There are 2 protein chains.
Amino acid sequence: MAVTIKDVGKLANVSPSTVSRVLANHPKISDETKRKVREAMEELGYHPNLQARSLVVKSTKTIGIVMPNSTERVLENPFFPEVLRGICLEARKSQFGIYLTTGATEEEILQEVIEMVHGKRVDGIILLYSKTNDQIMDYLLHNNFPFTVIGRPYQNAERITFVDNDNVFITKQITEYLIQLGHKKIAFIGANMEMVFTIDRLKGFKQALKENGIAYQKELIVYDKEIAGRTKEKLAEILNMESRPTALVVSDDFIAIELISYAEELSISIPEDLSIVAFNNISTGKYMKPSLTSVDINIFQLGVEATKCLLDDITYPNSVMKRITVPAKMVERNSCCKVAE
Amino acid sequence: MAVTIKDVGKLANVSPSTVSRVLANHPKISDETKRKVREAMEELGYHPNLQARSLVVKSTKTIGIVMPNSTERVLENPFFPEVLRGICLEARKSQFGIYLTTGATEEEILQEVIEMVHGKRVDGIILLYSKTNDQIMDYLLHNNFPFTVIGRPYQNAERITFVDNDNVFITKQITEYLIQLGHKKIAFIGANMEMVFTIDRLKGFKQALKENGIAYQKELIVYDKEIAGRTKEKLAEILNMESRPTALVVSDDFIAIELISYAEELSISIPEDLSIVAFNNISTGKYMKPSLTSVDINIFQLGVEATKCLLDDITYPNSVMKRITVPAKMVERNSCCKVAE
DNA sequence: CTGAAAGCGCTTACAG
DNA sequence: CTGAAAGCGCTTACAG
C-alpha cells in the first residue's frame, strides 16, 4: 500500500540499495543518481518507514519519559509541563521523539518500562523523579540501559547520571532567611517522604537549625502523606502546639496556598503571625495575597540538562557518569516577615 | 545480543513460528507446548521486539499527541497536563502508548506529523486544539489517517470526529449571568482569534447581547494576541473608554489574573468596579482574592473522550464520525457582583 | 559508483 | 497441533 523503497527504485531505475543510500545521503552516490532518485521520491510521495529502519539500525531516535504517576494530581503541578518543555526543546534539536509512560502504579510503570526497553521503543529514558527503593531505577541499572534522572538517586548515585538542584543547600539557605527574620520555631512541611528531594531538604533544614543553635523538634516536621485530605486538622494541631511555629518551610506552592487558606480561617494572618516560604515558584504565586515567597528550582533547565545528558549517553554509551546541579534561588515576596516580639 | 524468538525456540525445542504463536496465545497450540515455551521465555528473560512485530502486523499500539506548541507558554496552562491525564488513563486501558510532538512551529510540527504517519510511529493522532486553516488537520484528512480533535474543526467538521464543549452555549450563559447582574457594558477578552473556541465563544457572547437587546460594540472585543506583552496599556485603554465596561468575559484564568492585578494598580476594585468571569477553572483560582468565577470546561473528560473516539476509529476504521460534547459549567465565586448604580 | 544478497525479529498463510 | 517459507521495509557488508 504505502510506497516503499522498491517502488522508488523501480521508478528511478535503480536498485533498492541505491535508494536507501541516497536516503542516507551516502557520499559515493553520484549527484545525477541522487537527483533522479529524489525526484522519484517526490513524485511518489515517499517517506521512509522508520520502524523498518529502526529494526536494522537498532536505534529509534526516541526517548522515553517516566512520569511519577499519570493519573494522580502530580500532573496538576506545573513541574510536569515545565520539565517537558525543556525536554522537548532539547530532544527536538537532535531530532528525537518523545514517548510517555501512562501507568498509574509503580508496577504498571515498571511493566511499561520493560516494554520500552526490550520492545525497543526508545533509546534511553529520563526518570522525572527520584524516590527511595525505586524498582524502575534498579531495573534500568541492571540492564545497563541509558537513562538519566531528575533528582538525586538514593542509591548507586555514583553509577548514574543525574540532574538536580542542591536541595540541601537551598533549603538551608531559606531556613536561615527565616532565622534571620527572627524565627526560632520553624516547621517543615515536606512532600512525600519517599522522595529524595524531601530527604535532602529536610537535611538542609536541620543543618540550618543546628548551625544557628536552634533545637530540632520532631513535632515540627510534617509530611504531605500524613496531611493528605486533612491539611486543616494537621495545621490546627501544629498551630495549637504549646511551642507553636511562627514560620513554615513548605515543599510545594500548592500546599502552601492551601495552608494559607486554612490559616486564614483560623484567623492567623500571613505573614504577621506566620511566615511561609515554599518551593516551585508557580506562575500565580506572585498574584496571591500575600504574594508567595518561593524557591524557583528552574524546572525548565532541569529538563534541558537531563535531556542533554541522556542524548550524550546514547551517542557515547558507558562514558563518564555526570552530575549536573541546576541553581535554585529564592524569589522573595510577601509571605514572610520579621517575627512578632 | 537481545534474546529472540529463535533462542527461545531452540531452548524449548520448537520452531520460531511456534514461539510466536504461544506469544499470541494461539488456541491451537497444546498446553504442554505453551508451558515449555513459556518456561524457556522466562529462563532467557525474553521480551518481544515490538518494532519487528509492528513491521509485520502494521500496528504500533501507540497514539500520537499533537500539542499546540511545546516551547510556548501554552504548556504553563493546566490544560495540557489535565488533558494528558485523561488521555493516558484511556490509552492505558487499551495498552496504548503515547508519542508526543516536540515542534515549536506549525511547520516543524507538520514535519513531525508526516514522520509519525508515514514513518508508522503511531496508529492514530489526537489534535489537542483546533484552529482555522490548520495544515496539520488538512494533511491528516487528505491522508485518511485516523485522528480526533479536541475542539471544533473549522472546516470539514462533518468528516472529522471531535470532542468539544458547547462553547457558544456556555459563553452565552455566562454573559447572561453578567447581564442579569445588571451589566450592560461587557468586554470580551478572547485568546488567539485563530482558535476556534475563541470564535465560538465570541459568537455566544454576541448572541447573549443580542437577545438581551444590548448593542454590540466592536471596541469591547479584544484578542490576546493584541494584548500580549501590553496587557496593561490595553486594559487602561478599555477602562478609559467613554463607555467603559463594568464586566469582562475572559478566555483564560491566567489572563484574568493578570488583568486583575493591573486593574488593582489602577485602583479599580474587583468585583465592585469590574466583574470578571473567566475560563478553565485553574486550581488556584479559588484561593485568589477575590476568588475567581470561572468556567470549568472539564478538560480531563475532553481527553478521555477524544482518546475513546480515536481508539474506536483505529479498531473500526472509517466508521461513523462522532461528535461528543463535554459539559462545561460555570463555577460561581467572588469575582462578579451586581453593577454599581 | 552501484547491485545482489543477507539479515534485523517478528507473523502468518500454506502444508502436513 | 506444528514447521518451513515468505515477507514486513529497510540497511549494509561484499563484490564488482
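Side-chain atoms are counted along with the backbone in the values below, which use heavy atoms only and exclude waters and symmetry mates. Keep in mind that what you see is a predicted model, and the values were worked out from it rather than measured. A note on names: the letters A, B, ... follow the listed sequences, proteins ahead of strands, and every chain is numbered from 1.
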request  = Report the relative orientation of the aromatic rings in B:Tyr99 and A:Tyr99; use parallel for angles under 30°, tilted for 30 to 60°, perpendicular for over 60°.
outcome  = perpendicular

task = Mind checking ring pair (Phe, Tyr, Trp, His ring centres under 6.0 Å) for B:His26 and listing every partner two or more places apart, or none if nothing turns up?
result = none

ask   = Do A:Lys36 and A:Glu39 sit within salt-bridge range, that is, some charged N less than 4.0 Å from a carboxylate O?
value = no

Taking [X] for its side chain and [Y] for its backbone only, find out whether a donor-acceptor pair lies under 3.5 Å.
X: A:Glu108; Y: A:Ala104; result: yes
X: B:Thr148; Y: B:Ile126; result: no
X: B:Thr62; Y: B:Phe96; result: no

Is the phosphate of [N], meaning OP1 or OP2, less than 4.0 Å from a side-chain N or O of [X]?
X: B:Lys6; N: C:dC10; answer: no
X: A:Thr4; N: D:dG9; answer: no
X: B:Thr18; N: D:dG3; answer: yes
X: A:Lys34; N: C:dC1; answer: no
X: A:Ser17; N: D:dT12; answer: no

How long is the line joining [atom1] of [X] and [atom2] of [N], in whole Å?
X: A:Arg21; N: D:dC14; atom1: CZ; atom2: C1'; answer: 10 Å
X: B:Lys10; N: D:dT2; atom1: NZ; atom2: C1'; answer: 18 Å
X: A:Lys58; N: C:dC10; atom1: NZ; atom2: P; answer: 9 Å

query = Which part of the nucleic acid does B:Ser30 contact within heavy-atom distance under 4.0 Å: base, sugar-phosphate only, or nothing?
reply = sugar-phosphate

task = Scan A:Ser54 against the nucleic acid and name what it touches under 4.0 Å (heavy atoms): base, sugar-phosphate only, or nothing.
result = nothing

ask   = Just the dot-bracket of DNA chain C, please: which string comes out with Watson-Crick or G-U pairs under 3.5 Å, [ ] for crossing, | for another strand?
value = |||.||||||||.|||

remark   = When A:Val14 and A:Leu55 are each assigned the nearest nucleotide of DNA chain C, the 5'-most assignment goes to A:Val14

